[in-house]
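What follows is a structure written as structure tokens; I'll ask about it next.
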Amino acid sequence: MVTNLRTCDLTDPLGIEITRPTLSWQLTGATTQTGYHVQVEPGLWDSGEVSGPEQRVVYGGRPLTSRTAARWRVRIRDANGEWSAWNPAARFELGLLSPDDWTASWVTHPGWYDEGNPRAGEGRPLPLLEGEFALAKPVARARLHVAGLGVYVASVNGAPVTDAVLEPPYTDFTRRVVYATHDVTKLLRDGGNTIAVELGPGIAHVFPHQDRYMKFFGSKQAPMAIAQLEVGYADGSDDRFVTGADWRAAEGPTVRSHWYGGEDHDARRTAAEWRPVTVRPDPTDILRSRACPPIRVTERLSASAKLVATDGTPVFDVGTVVAGWAELSLDLPAGRYLRLVPGDQLDAYGRVVQSKPTTGAPIFNTYVTKDGPQTWHPRFRYDGFRYVEVQGLPEHVGAEAVTALVLRADNERIGSFETSDPLLNDIHTIIDRAVRGNMYSVLTDCPHREKLGWLEQAHLLFDVVAYNYDVAAYCRELLVTIAEAQTEDGLVPDIAPEYVVFDGAFRDDPNWGGAIVRMPWQIYRWYGDPSAMERHYDAMRRYVDYLTGKAEDGILGYGLGDWFGLDDSAPVPLVGTWGYWRAARTMAKVAGVLGRDDDAKRYRALTGTITAAFTRAFFKGERFGGGGQASEVLALDMGVVPDELAPGALDRLSEAVRDGAITVGEIALPALYQVLTRAGQHEALWGFATSTSHPSYGYQVRHGATALTEAWDGPTRGLSQNHYMLGAIDAWFYRGLGGIGQAPGSNGFRKLLIEPATPGDLESVRASTGTPYGRVAVSWTRGDGEFALDVEVPPGSSAEVRLPDLGLARHAVPDEAVPLEGRAYEVPAGRWTFTERGAEAGEGSPSGVTAQADQRPRPMNGAGR
């Protein structure tokens with residue numbers, strides 16, 4: 001009856017630092033919960049029997065301290081007043097909550113650290129650090145707390161301590177470094193043991209060089225590591241082994257790594273000239289525990305072909321644009337020098353294309369072979385690519401030599417979408433591939449030339465990401481990073497972390513910085529979790545007040561405008577003021593939910609002031625801002641178009657979209673889908689979705705895009721081939737065609753609104769996603785005068801189902817469905833089928849149709865939680 005127990009939206013997390021964690025669960029079958037009872041052991045909290053449907057509660061027991069290891073379980077009361085059995089226990093474990101808990105010191109190779117010279121290690125091979133210790137008694141429990149800068153790989157007795165890669169995640173490394181806690185009990189052995197840490201500079205230390213591409217250069221921190229192994233023996237005693245002066249260092253086989261330019265590895269090299277480490281004076285108070293899933297290898301794609309360029313250079317094709325590592329598997333003699341050039345496109349001669357506006361150039365990895373069978377990939381950086389040109393490879397080596405290891409933040413995939421139209425399926429696929437290619441420790445804009453966390457996508461496309469992946473914990477952590485980047489005067493820069501300071505609007509635009517306000521609200525709406533609003537309320541308020549200080553008479557006169565629009569008709573102040581309005585309006589809602597009534601009143605008044613100023617400044621004749629699409633979309637979204645003019649504005653917009661003549665950029669694009677969806681203009685959106693002329697998603701697909709590209713031109717234009725900023729249509733796929741949304745007033749999908757659209761000649765849609773209560777799925781088909789809609793509502797939720805009006809004469813609904821106004825019905829949790837037929841289809845049957853209601857539990861598939 002109870003399943004999927006999670007702590008802080010994670011399964012059995014180790015090393016968390018939240019001392020009042022959120023405990024959540026889901027229900028199975030046709031269960032209706034009327035009460036719950038939570039116990040946290042050993043003796044930490046007993047909630048008692050609590051009436052209510054809540055499936056997400058905050059721990060309310062004894063204060064939790066460093067290293068607390070807890071088990072928790074829950075039982076629930078059903079609609080008949082019967083209590084379930086206790087479920088199998090989940091667990092969580094706290095990490096090191098105080099700097100005083102750390103007795104380890106930061107260490108590094110002496111050649112990589114020179115007081116006052118952060119560039120001391122440039123040009124040197126990457127350091128290896130080792131510490132040895134002995135165990136004389138049986139071990140019952142062992143935890144390794146470890147962090148490194150900029151990228152580290154940790155092992156115990158030669159075995160990796162985790163399958164997480166590219167650790168630690170992006171942060172402002174001068175203020176916060178994320179450490180991870182690992183259970184290494186099974187890696188220890190009696191007698192001598194070794195902990196090893198390999199270090200690379202990562203994005204923390206981007207050094208300047210002449211021969212390869214770099215987006216920027218600068219150092220937040222030079223490479224260093226810290227590790228603390230805490231051992232509990234079977235006899236009840238404990239011990240600790242830490243990084244310190246007794247560790248040693250050597251230079252390893254990776255001779256150079258640059259976050260942007262490439263990595264060089266000589267497999268012939270072995271660690272030699274071990275020297276005592278340098279103990280660094282850096283503090284431990286910057287260490288914070290991991291709070292979301294790490295980056296992992298999530299796919300392995302074997303090269304689908306070995307191509308040969310006209311000059312004989314071998315080029316390996318993995319079939320689709322990805323982000324991650326190109327892995328070599330070879331059997332060669334020692335000493336062969338190989339150069340791997342990654343890229344998304346090929347030139348007319350079959351060679352990999354790299355250029356400044358596409359991937360950056362030059363970018364390459366090098367590998368010098370050792371003797372015999374060998375496997376290698378970069379470990380301290382990553383690339384975006386579909387093709388890998390391997391210079392220096394013997395002719396006999398085949399396609400099996402190259403495999404793409406696809407990396408991303410390992411947020412659980414929860415969404416699926418498929419229709420009867422292959423083009424729409426391909427569009428969904430390329431958008432999803434671009435999301436995966438940029439879902440790293442922050443949401444990046446591309447996996448090659450930038451690798452930076454531009455913030456507009458994080459909130460403008462929040463629903464695109466959240467329909468497909470469980471990002472509850474991930475987005476809370478993104479917000480911590482965004483808040484860290486806020487300046488003393490309240491500015492939130494366009495990128496976070498702010499590793500490089502850009503000029504003007506590239507640093508200060510409300511449609512980028514507004515993520516600090518929008519995302520906490522989106523997390524609350526999507527997951528029913530107010531914690532991000534509570535934690536970042538002051539930062540949110542400071543940002544809106546910062547914008548108010550920059551505005552003149554309610555107008556924010558600066559910004560990047562409707563970025564990547566196909567015309568420049570939308571005035572920059574109009575687009576910036578819309579972002580300001582959105583932030584103020586969201587702030588009023590947040591304040592209201594949190595019970596900050598005075599603030600709510602103040603921000604409602606501010607919203608009204610901005611709205612009036614927007615109308616005065618930009619309403620020209622009968623249109624806003626000159627009448628371009630972006631201007632009209634944003635004015636319609638604000639609700640400022642006069643009632644007598646709104647139908648005309650919608651008609652103009654719908655006609656242009658239906659004809660594929662779209663001109664909006666990435667800021668107005670999500671609003672366009674929302675405005676037209678609210679107006680029921682699905683036929684117009686269908687027209688654009690199925691277009692293959694320029695500009696359109698179909699144009700990209702028809703010209704060979706395998707991931708969404710930076711511009712509508714797709715592969716025919718030399719820009720990034722792995723960019724998800726134009727992916728807003730994917731939310732319409734789920735919400736419009738699949739009909740999966742929330743009823744007004746609902747948060748966390750407690751009450752669903754199922755309202756599928758059936759535009760054009762679309763014959764079927766299947767869509768599903770995960771919610772805090774479980775999987776919701778919608779499937780509909782139509783043809784031959786019949787329509788059938790299947791809806792799966794998870795336990796704990798209910799749904800309002802609104803049937804499309806297809807002009808069919810007879811329909812049937814489940815007996816449990818409660819009629820509402822019009823063609824709407826309310827249903828509880830379960831699986832429900834609604835069917836309709838034309839009049840002639842019912843001859844010979846008393847009702848003309850058969851209604852079905854199936855509330856039997858069924859197993860979750862890979863798209864469920």
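Any value given below was found using the heavy atoms of this structure, including those in side chains, with hydrogens, waters and symmetry copies removed.
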### Message
Does either side chain, that of Trp526 or that of Thr771, offer a donor lying less than 3.5 Å from an acceptor on the other one?
### Response
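On atom types as modelled, these side chains do not qualify, holding no pair under 3.5 Å.
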### Query
When the ring planes of Trp102 and Tyr179 are compared, do they come out parallel, tilted or perpendicular, using 30° and 60° as the limits?
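If you compare the ring of Trp102 with that of Tyr179, the planes turn out perpendicular.
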#### Entry: Exam field: side chain Glu800 to backbone Leu753, donor-acceptor pair closer than 3.5 Å
no
### Message
Salt bridge or not between Arg476 and Asp9? Use side-chain N to carboxylate O under 4.0 Å.
### Response
yes
### Message
Counting neighbours of CG on Asp163 that are heavy atoms of other residues, nucleotides or ligands and sit closer than 6.0 Å, is the number greater than 12?
### Response
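Enclosed: over 12 neighbouring heavy atoms sit under 6.0 Å from CG of Asp163.
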### Query
Is there a donor-acceptor contact under 3.5 Å from the side chain of Tyr773 to the main chain of Val776?
no
### Query
Are any side-chain N or O atoms of Gln39 and backbone N or O atoms of Ser47, one a donor and one an acceptor, separated by less than 3.5 Å?
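No.
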### Query
Do Ile754 and Arg802 touch side chain to side chain, with heavy atoms closer than 4.5 Å?
no
### Message
Could you check whether any side-chain heavy atom of Leu479 comes within less than 4.5 Å of a side-chain heavy atom of Ile516, counting everything from C-beta outward?
### Response
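Side chain of Leu479 against side chain of Ile516, heavy atoms only: contact under 4.5 Å found.
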### Task
State whether Asp463 and Arg735 are salt-bridged, where the test is any N-O pair (Lys NZ or Arg NE/NH1/NH2 against Asp/Glu carboxylate O) under 4.0 Å.
yes
### Side chain to side chain, Leu752 and Pro794, heavy atoms closer than 4.5 Å
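When only atoms from C-beta onward are counted, Pro794 and Leu752 do touch, with a gap below 4.5 Å.
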### Derivation and outcome, salt bridge (charged side-chain N to carboxylate O under 4.0 Å, His left out), residues Arg6 and Asp470
CA-CA 13 Å; Arg6 302 206 299 172; Asp470 177 4; 2.8 Å; yes
### Query
Do any N or O atoms from the side chain of Gln486 and from the backbone of Ala539 form a donor-acceptor pair under 3.5 angstrom?
yes
### Query
Step by step, would you call Ser416 with Ser768 a side-chain hydrogen bond (donor to acceptor under 3.5 Å, both in side chains)?
CA-CA 5 Å; Ser416 66; Ser768 66; 2.7 Å; yes
### Query
Any ion pair linking Arg56 and Glu54 (charged N to carboxylate O, less than 4.0 Å)?
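Here Glu54 does not pair with Arg56 in a salt bridge, since their nearest N and O are not under 4.0 Å apart.
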### Glu230/Arg141 salt bridge by N-O under 4.0 Å criterion
no
### Task
Measure from the side-chain N and O atoms of Trp45 to the backbone N and O of Glu41, and report whether any donor-acceptor pair falls under 3.5 Å.
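Not at all, since once roles are kept as given, no pair shorter than 3.5 Å links the two residues.
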#### Entry: From Tyr469 atom OH to Asp410 atom CG, the distance as rounded to the nearest 0.5 Å
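Going from OH on Tyr469 over to CG on Asp410, the span is 10.5 Å.
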### Gap between atom NE2 of His145 and atom CG of Leu96 - 0.5 Å precision
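Rounded to the nearest 0.5 Å, the CG-NE2 separation comes to 4.0 Å.
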### Message
Between Ser84 (side chain only) and Ile76 (backbone N and O only), is there a donor and an acceptor less than 3.5 Å apart?
### Response
yes
### Query
Can Asp529 and Tyr524 be counted as having a side-chain donor-acceptor contact under 3.5 angstrom?
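Side chains of Asp529 and Tyr524: no pair found under 3.5 Å.
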### Message
Test: side chain to side chain donor-acceptor pair (under 3.5 Å). Region: residues 584-596. Which pairs qualify, not counting sequence neighbours?
### Response
Arg518-Thr586
### Task
For Gly148 and Pro168, work out which heavy atoms get closest and say how close.
O-CD, 3.0 Å
#### Entry: Donor on one side chain, acceptor on other, Gln55 and Trp25, under 3.5 Å
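There is no such pair between these side chains.
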### Query
Atom CZ in Arg582, atom CG in Asn511: separation rounded to 0.5 Å?
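The distance works out to 8.0 Å.
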### Message
With a 4.0 Å cut-off on N to O distance, would you call Asp432 and Arg413 a salt bridge?
### Response
yes
### Task
Determine, for Arg766 against Glu418, whether the closest basic-nitrogen to carboxylate-oxygen distance falls under 4.0 angstrom.
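Salt bridge between Arg766 and Glu418, a charged N being under 4.0 Å from a carboxylate O: yes.
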#### Entry: Audit row: Glu792, Arg775, salt bridge (charged side-chain N to carboxylate O under 4.0 Å, His left out) steps and yes/no
CA-CA 8 Å; Glu792 180 180 338; Arg775 179 176 182 262; 2.9 Å; yes
### Message
Quick check: do Val406 and Val322 have side-chain heavy atoms less than 4.5 Å from each other?
### Response
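Side-chain contact under 4.5 Å: yes.
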### Query
Between Ser51 and Tyr36, is any pair of side-chain heavy atoms under 4.5 Å apart?
no
### Residue Arg75 excluded, over 12 heavy atoms near CZ under 6.0 Å
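For Arg75, atom CZ is crowded (more than 12 foreign heavy atoms under 6.0 Å).
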### Query
Hey, does Glu826 have a side-chain heavy atom less than 4.5 Å from the side chain of Lys751?
yes
### Query
Are Glu299 and Arg408 within salt-bridge range, i.e. N to O under 4.0 Å?
no
### Message
Are the side chains of Val778 and Val765 in contact, using a 4.5 Å heavy-atom criterion?
### Response
no
### Task
Could you tell me which non-hydrogen atom of Ala829 sits nearest to which non-hydrogen atom of Gly796, and how far apart they are?
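Residues Ala829 and Gly796, closest heavy atoms: CB-N, 4.4 Å.
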### Task
Rounded to the nearest 0.5 Å, what's the gap from NE2 on His182 to CG on Leu229? Could you check?
11.5 Å
### Query
Is it true that the side chains of His37 and Asp46 contain a donor and an acceptor less than 3.5 Å apart?
yes
### Query
Just checking, any donor-acceptor pair under 3.5 angstrom between side chains of Thr28 and Thr3?
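The answer is no; no qualifying pair exists.
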### Task
Show your working on salt bridge (charged side-chain N to carboxylate O under 4.0 Å, His left out) between Asp599 and Arg541 and close with a plain yes or no.
CA-CA 9 Å; Asp599 280 356; Arg541 182 171 56 185; 3.1 Å; yes
#### Entry: Note: Arg77-Glu49 ion pair, threshold 4.0 Å (strictly below)
no
### Query
Between Ala473 and Leu10, what is the shortest heavy-atom contact and its length?
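Nearest pair, atom of Ala473 first, then Leu10: CB-CD2, 3.9 Å.
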### Query
Is there a donor-acceptor contact under 3.5 Å from the side chain of Gln228 to the main chain of Arg143?
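Between the backbone of Arg143 and the side chain of Gln228 there is no qualifying donor-acceptor contact (under 3.5 Å).
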### Sole residue of Arg176, Arg288, Arg175 in salt bridge (Lys or Arg N to Asp or Glu O under 4.0 Å) with Glu484
Arg176
### Message
Pairing donors with acceptors under 3.5 angstrom, does anything connect the side chains of Asp78 and Thr32?
### Response
no
#### Entry: Distance, nearest 0.5 Å, that separates CG of Leu443 from CD of Glu456
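Here the rounded value is 10.5 Å.
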### Task
Would you please indicate yes or no on a ring centroid separation below 6.0 angstrom for Tyr467 and Trp732?
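Not close enough - the centres of the two rings lie 6.0 Å or further apart.
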### Distance flag, aromatic centroids of Tyr440 and Tyr170, threshold under 6.0 Å
no
### Message
With no hydrogens and no angle check, just 3.5 Å: does a side-chain donor-acceptor pair link Arg73 and Asn87?
### Response
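Looking only at side-chain atoms, Asn87 and Arg73 do not form any donor-acceptor pair under 3.5 Å.
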### Query
If you measure from the Lys or Arg side-chain nitrogens to the Asp or Glu carboxylate oxygens, is any gap between Glu167 and Arg290 under 4.0 Å?
yes
### Message
Let me confirm one number: the OG1-CD distance from Thr181 to Glu17, rounded to the nearest 0.5 Å.
### Response
10.0 Å
### Task
Heavy atoms only: give me the nearest Val178-Ser289 pair and the separation to one decimal.
CG1-C, 4.0 Å
### Message
Keeping Gln742 on the side-chain end and Arg525 on the backbone end, is there a donor-acceptor pair under 3.5 Å?
### Response
yes
### Task
Evaluate the side-chain proximity of Leu789 to Thr833: yes if any heavy-atom separation is below 4.5 Å, no if none is.
no
### Query
When you measure from the side chain of Trp83 to the backbone N and O of Gly35, does any donor-acceptor pair fall under 3.5 Å?
no
### Query
Any idea which heavy atoms bring Ala79 and Thr34 closest together, and the distance?
CA-CG2, 3.8 Å
### Query
Under the 3.5 angstrom rule, does the side chain of Thr68 hit a backbone N or O of Leu64 as a donor-acceptor pair?
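Looks like no, no N/O pair under 3.5 Å.
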### Query
Where is the tightest heavy-atom contact between Asn468 and Tyr734, given as atom of each residue plus distance?
OD1-OH, 2.6 Å
